[in-house]
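Okay, so here's the structure we're looking at.
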Amino acid sequence: MHAYVEELAKHVGQEVTVKGWLYNRRSSGKIQFLQVRDGTGIVQCILTEDAADKSRFEACEHLPQESSLVVTGVCRADKRAPGGFELTAREVSIVQVAQNYPISLQSHGIGFLMEHRHLWLRSRKQVATLRIRATVIKAIRDFFDSRGFILADSPILTPAACEGTSTLFEVGYFDDKAYLSQSGQLYAEAAAMALGKVYCFGPTFRAERSKTRRHLTEFWMVEPEVAFADLDDVMRLAEEFISFIVSTTLGRCKEELKVLERDTVRLEKVTPPFPRISYDEAIKMLTESGHDIKWGGDFGAPEETAISDRYEKPVMVHRYPMACKAFYMKTDPQDERLALCVDVIAPEGVGEIIGGSQREDRLEVLEKRIAENNLSKESLEWYLDLRRFGSVPHGGFGLGLERTVAWICGTEHIRETIPFPRMLYRIYP
RNA sequence: UCCCCGGUAGCUCAAUUGGUAGAGCGCGCGGCUGUUAACCGCAAGGUUCGAGGUUCGAGUCCUCGCCGGGGAGCCA
């Protein structure tokens, strides 16, 4: 009977078949320890020499790492086995003898690992990280689906920029040009006017020449948009959403987080409400702690870290100056210089994981902003229609998937949180 | 786009003031019946990223180029 490694506890005493790849092999004369991984875990298979049939033992003696094989044997609990269970191999069938595998269990440099990303994926920590990514994605969908949000995906090929053209990837579109989407938000707003509560979730693209541990040129973003929501509604949704993702992952990925050696104490504290501070308060705090920062500008990575270090939970910074924010954000009626927006900054140096706002719902103000920002009014006519035909207060946010996964996993660089990262100087494999 | 660091064996790294290019891991061979990144022994393995320059002599110094890494700005 075929069994996955993660289910072996249910098969103690039974003969089972494990199908996988040789992760590592140790031998001691007349006994071999084959560590076989199958994607769900690693199990140690014990192989002893059989006087009647030496071929089985000899075949495995020189089996290279990552050879594919099928092992049948009795499953036993044994304290000496990594993982607590092992197979006494009765039959080993070799599917393919691998060539010399380039990634050893010893240390490698990041350049080499990135060049072999297609194989690096098989390593324990990469497997754990990708399993957590899948869990986070499932949690995201479950959260919105269970709250009556309708999935309404935005297009990836778009006719023009949402926020300027400098960071867009241009592609040919028959005899014309198109751009890869850098945000699905404007389309999500249209969908929210049709369906009330919606979200879109897909890859987005930014041609920014960024070279930091927080940037990819292709990353996934989930963007909920809610009709009749104000900034407070958006902030409440954001903190409940993040808390749900974290608690779901803590519940379902204990083994993976252990493999990653993640200290989960701080993650367990992530529950609503999150601290809320205004941009003005943040500026005051930063100035008092010696940062050289003027009112009016956006925060850089050092400022974000300084703010998040003061709290155990993610912190919500709201009401930034309009000047450093996007054209579609609504002006604060209490202070015309401010935007009704919020950034959620994750703890532990990951930086901004959410950017959201209440949207400008007045046609004339939006037209003025488009002109001020030198955007093409013509290409945004469809968007302005949303303010001409039943405009309502509404808002939403975008959450960066890879930054969120990196934070939960405690991963230094977000390139490890997506199977095949696309970066400034890296598009292979 | 700017700033900083690096490129030596398949991989990770050494190499003193410029003076014979070395180790660990992996691969190969041999040993070991409970290993935990097993261990022990033996062997193989090099156009020192490329081009030019300085020098009796360059892995080492200089110039240019290529490639990679880290960060800034911008952003999720």
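Fair warning: this is a prediction, and the values are worked out from it, not measured in the lab. Just so it is clear: chains get the letters A, B, ... in the order the sequence lines come, proteins before strands, and each one is counted from 1. Side chains are part of it too, since the values below use all heavy atoms of this structure and drop only hydrogens, waters and symmetry mates.
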- Message: Could you walk me through whether A:F144 and A:F201 satisfy the ring pair (Phe, Tyr, Trp, His ring centres under 6.0 Å) test, starting with their C-alpha distance in whole Å, then the side-chain angles of each, then the deciding distance to 0.1 Å, before giving a yes or no?
- Response: CA-CA 11 Å; A:F144 290 121; A:F201 190 12; 8.8 Å; no
- Quick one: ring-ring contact (aromatic ring centres under 6.0 Å, His included) pairs with a partner in residues 399-420 of chain A, sequence neighbours left out?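 Found none.
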Regarding [N], can its base be found pairing with the side chain of [X] as donor and acceptor, where the two atoms are less than 3.5 Å apart?
X: A:T212; N: B:G70; value: no
X: A:E86; N: B:G34; value: yes
X: A:S104; N: B:C11; value: no
X: A:H215; N: B:C75; value: yes
X: A:E49; N: B:U33; value: no

- Do the charged groups of A:E225 and A:K197 touch, with an N to O distance under 4.0 Å? no
- Message: Quick one, A:I408 with A:V246, criterion side-chain contact (heavy atoms from CB on, under 4.5 Å). Give me CA distance, side-chain angles, the key distance, then yes/no.
- Response: CA-CA 7 Å; A:I408 292 173; A:V246 171; 4.2 Å; yes
By side-chain hydrogen bond (donor to acceptor under 3.5 Å, both in side chains) - contacts of [X] (at least two apart):
X: A:R209; value: none
X: A:K254; value: none
X: A:E348; value: A:R262
X: A:T48; value: none

- Item | side chain to side chain donor-acceptor pair (under 3.5 Å) pairs, two or more places apart, involving residues 292-307 of chain A | A:D280-A:W295
Between [M] and [N] - [atom1] atom distance, rounded Å:
N: B:U55; M: B:U60; atom1: C1'; value: 13 Å
N: B:G57; M: B:G69; atom1: P; value: 37 Å
N: B:C62; M: B:G73; atom1: P; value: 31 Å
N: B:C2; M: B:C13; atom1: P; value: 28 Å
N: B:A58; M: B:C74; atom1: P; value: 48 Å

- Item | Rounded distance (Å) that lies between atom C1' of B:A37 and atom CD of A:E66 |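 A:E66 atom CD is separated from B:A37 atom C1' by 15 Å.
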- Message: In this structure, how many angstroms lie between the C1' atom of B:A76 and the CH2 atom of A:W220, rounded?
- Response: 15 Å
- With sequence neighbours excluded, what pairs up with A:Q32 under the side chain to side chain contact (heavy atoms under 4.5 Å, CB included) test?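 Expected list: A:R25, A:S27, A:L34, A:L47, A:F57, A:C60, A:E61.
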- Task: Mind checking A:S107 for me? I need base, sugar-phosphate or nothing, with any heavy atom below 4.0 Å counting as a touch.
- Result: sugar-phosphate
- For A:Q44, answer base if it contacts any base atom (sugar-phosphate contacts may also be present), sugar-phosphate if it contacts only those atoms, and nothing otherwise; contact means non-hydrogen atoms under 4.0 Å.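 Base, at least one base atom sits under 4.0 Å.
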Tabulate atom names and distances for all N/O pairs under 3.5 angstrom spanning the protein and nucleotides 40-50 of chain B.
none

- Task: Between B:U33, B:C75, B:C27, spot the one nearest the side chain of A:K30, thanks.
- Result: B:U33
- Message: Suppose we screen for salt bridge (charged side-chain N to carboxylate O under 4.0 Å, His left out). Which residues come up paired with A:R117, at least two apart in sequence or across chains?
- Response: none
- Close approaches to RNA chain B from residues 419-427 of chain A, in residue order (heavy atom, under 4.0 Å): A:Y425, A:R426
- Item | Close residues, residues 281-297 of chain A, relative to RNA chain B [heavy-atom separation under 4.0 Å] | none
Considering only distance and modelled atom types, tabulate donor-acceptor pairs under 3.5 Å from the side chains of residues 396-405 of chain A, sequence neighbours left out.
unit_1 : atom_1 : unit_2 : atom_2 : d
A:E402 : OE1    : A:W220 : N      : 3.0
A:E402 : OE2    : A:R133 : NH1    : 2.9
A:E402 : OE2    : A:R133 : NH2    : 3.4
A:E402 : OE2    : A:W220 : N      : 3.4
A:R403 : NE     : A:R214 : O      : 3.1
A:R403 : NH1    : A:E352 : O      : 2.8
A:R403 : NH2    : A:R214 : O      : 3.2
A:T404 : OG1    : A:G400 : O      : 2.7

